[in-house]
Amino acid sequence: MQQFQLMSALSAYFAEKYPSFPKETVIAPERTPAGMAGDLTVNCFRFAKLCGGNPMAVAAEAAAVLAGHADVEAAEAVKAFVNVTMTPEAVHRASLGNTARLFELGKFPEAERRRILIEYSAPNTNKPQHLGHVRNNTLGMSLASLMKRIGHTVFEINLVNDRGIHICKSMIAYQRYGEGETPESTGIKGDHLVGLYYVKFNAVLSDEIKALKAARPELAAQDSEELFLETELGRATQKMLQDWEAGDAGVRALWRKMNDWVFAGFDATYRTMGIHFNHTYLESETYLLGKDIISSGLESGVFTRRSDGAVIASLGKLGDKVVLRSDGTSVYITQDIGTTLLKQQDYQPQSMIWVVGDEQNLHFQMLFAIMKKLGYDWADDLFHLSYGMVNLPTGKMKSREGTVVDADELFAEMTELATEGCRERAGEEVSPEELARRGAIIGMGALKFMLLKFNARTTMMFDPAASVRFEGDTGPYVQYACARISSIERKARERGVDFDAAHVDWALLGKEEEKDLSMLAAFYPAALRTAAERRDVSNLVEYALDLAKAFNRFYRECPVLNAETSGLAAARLAMCAAVREVLTDVLKTLTIEVPDAM
RNA sequence: GGCCCGGUAGCUCAGAGGAUAGAGCAGCUGCCUUCUAAGCAGUUGGUCGUGGGUUCGAUUCCCGCCCGGGCUACCA
């Protein structure tokens, strides 16, 4: 579906005149840069060779053709660009005058819609989630949301790491120092309580290593990892892991109890973020998967046995990867091969995406290479959405040094500050419950928006002081534009101003701010498609800001309720409603809610 | 050492062959008896790390170098 009729006309003209210009060619217009006259710009560099001419000549020809179109007021060729000034009616017809069509243009055609599985979050059950997880969660949920918005069928999957030596660390610390504490008895959220024992473990271990080094000076140069099994605590932890694997009833019971606390805590964190997974896989149930694939791959020659007995995959430039230890036990990638197959069986996705930090880039390159080697036809559509670390002005976040920004505390702080802001603005008649509701929407919106503004691959800087400011390029800026529109609509109802959608005279909206606003809205489908193709929503964040900015300019220059005529008031009111629809749709795609008032 | 990612305004980040390199913050000037000032308008600020190359055209692509980060386990 071609959005602008004048562009179809131009394509048809070139196709008619030049045999070398394919009929189905879509000439995608660009926005005219600020400061230049025009609404749309045609960049003739992009297709001039299809017309067999030089770009300047093609531009001159295009300008002449476009100038004769009914939707065009002026078309001027500048070098290889044609700047087109459209009639207000044509601008709005392609955009805010028909939001249903605009939204439909933002979807992939049926034939391009697919089943996509997105795995994200993947926390460990030994500590609460921190800002790094929040970035992961936000990227994952917004990517899933975008893919749904564009028309795909999406499965959101979590894979919780609920077993292993690190889980035993908090267990053994609790066993020794917990004195029967529970979330109920302490009033501490389950994941935070378990996290305290993880911290306790590391403190005790550190003391023991210090003592060990004092007693045996020859160990002074060794790091704590190497000395782990030299400590009593380390050996006890190792023993607990072995007992867990052997199915020891006592260890399993403790494990289940503490994991249940953590899961309850994670549920609350996810609820606050608005996350719902289709399914959560547990590593305790999947960690033995993959071994059967290794054996059959060994028989078919995909894998080979090394002289020391280990089974390896030879991956060319990536090198050799051990997929089974010489003692026959699994490594991490063995289990990942297994869970990839399990997810494929369970959901038959045509594409799978993993949202995982960039330190695992090589791991995923190897995993994907192995899946291809195994010959699965879906192995070409596996993607690692790799994202960078979150740093603080004080440096890197480190759990052990207590410099992590806790997710739940961050949510609470953002929400509290936003609620306070609402309270200052609101009248007496607004209830505390309503203020808290708005505060949560604004606070969480600000946080998600900030995290999504960065390209995923960038190692981002999180400045706590900057994050709690709700001015400038922020989520609340966009939400505020919506709130202003809602306010106008409330006042319109009070004053009995209304519009009949079928009889709005869009041609009345010819001021620069009105055309700019609609023109920008016209590019929403393109923004959605770009984001989906790149699997990156950061351009949508920029888009939302641009549109909100264009609205605020309109708001300043074009009075709605006090417009010169009732017809103009009705048209502007219709435009406001349409802008609110688009802004709400963008924010919703970014998993951000919109408050009625701020 | 090898591989990957980054280096753009004082700070945090956009831009990924095309017209004059953008935004927010910070700084400076204005605007609240008029639909919410979490707003608007204006302004200061750049050899796009560096040296070559390809191109009509390079901040964008290619090569070298410098700086920062990550990875380079029979850990997860």
Side-chain angles (χ1 to χ4, degrees), chain A residues 30 32-36 41 43-46 54-56 78-81 83 122 124 161 163-166 225 283 287 306 308-312 317-319 321-336 357-363 365 386 388-389 391 393 396 418 421-422 424-426 442 446 450 453-455 457-463 465-466 469-481 483-492 495 497 538-539 541-542 545-546 548-549 551-553 555-563 569 572-573 576 597-598:
Chain A
E30 298 165 11
T32 305
M36 297 182 128
T41 288
N43 181 348
C44 299
F45 281 114
R46 300 206 185 284
N54 83 57
M56 319 294 164
V78 181
K79 299 181 188 175
F81 299 90
N83 296 329
N124 297 337
N161 189 337
R163 64 158 287 281
I165 194 79
H166 52 299
E225 302 252 323
E283 230 182 87
Y287 79 110
R306 205 162 58 181
D308 60 6
V311 178
I312 60 165
K317 280 181 188 165
L318 296 175
K321 177 67 189 171
V322 171
V323 292
L324 214 53
R325 293 191 184 97
S326 47
D327 66 3
T329 57
S330 298
V331 290
Y332 177 50
I333 204 162
T334 318
Q335 146 190 346
D336 240 8
D358 59 12
E359 70 276 7
Q360 293 202 37
N361 284 353
L362 180 61
H363 169 79
Q365 283 178 31
S386 164
M389 223 180 314
N391 289 335
K396 287 183 190 174
C422 290
E424 282 167 17
R425 272 154 243 273
I442 296 163
M450 185 209 57
K453 206 168 71 172
F454 302 97
N455 187 311
R457 89 170 68 82
T458 144
T459 303
M460 59 168 278
M461 173 72 74
F462 177 84
D463 181 349
R469 278 198 292 263
F470 298 147
E471 290 153 22
D473 274 359
T474 64
Y477 177 91
V478 182
Q479 290 172 325
Y480 187 62
R484 280 179 146 179
I485 294 172
S486 296
S487 178
I488 290 174
E489 290 176 328
R490 272 193 299 275
K491 292 218 157 78
R495 301 184 194 179
V497 179
S538 63
N539 72 302
V541 172
E542 291 297 323
L545 285 169
D546 286 345
K549 260 178 230 177
F551 172 77
N552 278 329
R553 269 180 244 122
Y555 180 87
R556 165 85 171 191
E557 293 299 321
C558 307
V560 177
L561 300 176
N562 299 320
R572 284 182 177 162
L573 195 56
C576 284
M598 289 172 71

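Predicted model, so just to flag it, every value in this text is computed and none were measured.
With sequence neighbours excluded, no residue forms a side chain to side chain donor-acceptor pair (under 3.5 Å) with A:Asp358.
The strand RNA chain B forms stems, runs of 3 or more Watson-Crick or G-U wobble pairs with distances below 3.5 Å, at B:1-7 with B:66-72, B:10-13 with B:22-25, B:27-31 with B:39-43, B:49-53 with B:61-65.
No donor-acceptor distance shorter than 3.5 angstrom exists from the side chain of A:Arg425 to the backbone of A:Met598, with no hydrogens or angles considered. Side chain of A:Arg572 to main chain of A:Pro559: a donor-acceptor pair is present (N/O by atom type, distance under 3.5 Å, no hydrogens or angles).
The residue A:Lys317 sits apart from the nucleic acid: no heavy atom pair falls under 4.0 Å. Looking at heavy-atom distances under 4.0 Å, A:Ala80 makes no contact with the nucleic acid at all. Base contact: A:Cys558 has a heavy atom under 4.0 Å from a base atom. No contact: A:Ala466 has no heavy atom under 4.0 Å from any strand. Using a 4.0 Å heavy-atom distance criterion, A:Met598 is classed as a base contact.
For the P atoms, the distance linking B:G69 with B:C13 amounts to 15 Å, nearest Å. A gap of 14 Å separates the C1' atoms of B:A16 and B:G22, to the nearest Å. Comparing the P positions of B:G51 and B:G45 gives a spacing of 24 Å, expressed to the nearest Å. Here the separation of B:G6 from B:U47, taken at their P atoms, is 22 Å to the nearest Å. Comparing the C1' positions of B:U8 and B:G46 gives an interatomic distance of 8 Å, to the nearest angstrom. As rounded to the nearest Å, B:U60 and B:C48 have C1' atoms that lie 10 Å from one another. As rounded to the nearest Å, B:G24 and B:C40 have C1' atoms that lie 15 Å from one another. Taking atom C1' on both nucleotides, B:G57 is separated from B:U20 by 15 Å, rounded to a whole Å.
Considering NE2 of A:His363 and OH of A:Tyr332, their distance stands at 4.5 Å, rounded to 0.5 Å.
With a 4.5 Å cut-off on side-chain heavy atoms, A:Ile488 and A:Leu561 count as touching. A 4.5 Å side-chain heavy-atom check between A:Phe462 and A:Met450 finds at least one atom pair inside the cut-off. Residues A:Leu324 and A:Val331 have side chains not in contact (no heavy-atom distance under 4.5 Å, counting atoms from C-beta outward). Using a 4.5 Å heavy-atom threshold, the side chains of A:Phe45 and A:Phe81 count as touching.
OP1 and OP2 of B:U34 both lie 4.0 Å or more from every side-chain N or O belonging to A:Asn562. Side-chain nitrogen and oxygen atoms of A:Arg553 include at least one within less than 4.0 Å of the OP1 or OP2 phosphate oxygen of B:A41. Look at A:Tyr477 and you'll find a side-chain N or O under 4.0 angstrom from OP1 or OP2 of B:C40. Phosphate contact (OP1/OP2 of B:A38, side-chain N/O of A:Arg484, threshold under 4.0 Å): absent.
Listed nucleotides B:C71, B:C4, B:A38 differ in distance to A:Asn361; the shortest reach to its side chain belongs to B:C4.
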Would you list the protein and nucleotides 73-75 of chain B atom pairs, both N or O, that sit under 3.5 Å from each other?
{"residue": "B:C74", "atom": "O3'", "partner": "A:Arg325", "partner atom": "NE", "Å": "3.2"}
{"residue": "B:C74", "atom": "O2", "partner": "A:Ser326", "partner atom": "N", "Å": "3.1"}
{"residue": "B:C74", "atom": "O2", "partner": "A:Ser326", "partner atom": "OG", "Å": "3.2"}
{"residue": "B:C74", "atom": "N3", "partner": "A:Ser326", "partner atom": "OG", "Å": "2.8"}
{"residue": "B:C74", "atom": "N4", "partner": "A:Asp308", "partner atom": "OD1", "Å": "3.2"}
{"residue": "B:C74", "atom": "N4", "partner": "A:Asp308", "partner atom": "OD2", "Å": "2.1"}
{"residue": "B:C75", "atom": "OP2", "partner": "A:Arg325", "partner atom": "NE", "Å": "2.2"}
{"residue": "B:C75", "atom": "OP2", "partner": "A:Arg325", "partner atom": "NH2", "Å": "2.0"}

Between the protein and nucleotides 15-19 of chain B, list the N/O to N/O atom pairs that are separated by less than 3.5 angstrom.
{"residue": "B:A19", "atom": "N6", "partner": "A:Thr41", "partner atom": "OG1", "Å": "3.3"}
{"residue": "B:A19", "atom": "N1", "partner": "A:Asn83", "partner atom": "OD1", "Å": "3.2"}
{"residue": "B:A19", "atom": "N1", "partner": "A:Asn83", "partner atom": "ND2", "Å": "3.4"}

Protein-nucleotides 28-30 of chain B N/O pairs closer than 3.5 Å?
none

For nucleotides 67-70 of chain B, give me every protein contact, N/O to N/O, under 3.5 Å, one pair per line with atom names.
{"residue": "B:G69", "atom": "O3'", "partner": "A:Lys396", "partner atom": "NZ", "Å": "3.3"}
{"residue": "B:G70", "atom": "OP1", "partner": "A:Lys396", "partner atom": "NZ", "Å": "2.2"}

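Looking at A:Arg425, its side chain comes within 3.5 Å of the base of B:A38 through a donor and an acceptor atom.
As a whole-Å value, the separation of A:Met460 CE from B:C11 P is 18 Å. Between the NZ atom of A:Lys453 and the P atom of B:U12 there is a distance of 13 Å, rounded to whole Å. Computed from coordinates, the A:Met450 CE to B:C25 C1' distance equals 14 Å when rounded to whole Å. Atom CG of A:Asp473 and atom P of B:U12 are 16 Å apart (whole Å). For A:Glu471 and B:A37, the CD to C1' distance is 9 Å, given to the nearest whole Å. The interatomic distance linking A:Gln365 (CD) with B:C71 (P) rounds to 14 Å, in whole Å.
For the residue pair A:Ala597 and A:Arg490, the shortest heavy atom distance occurs at CB-NH2, 3.8 Å.
Judged by distance alone, the side chains of A:Asn455 and A:Ser538 never bring a donor and an acceptor atom under 3.5 Å apart. Side-chain atoms of A:Asp308 and A:Ser326 form no donor-acceptor pair, as typed in the model, at a separation below 3.5 Å.
For A:Arg484 and A:Phe551, the positive end is not near the middle of the six-membered ring at less than 6.0 Å and at most 45° from its axis.
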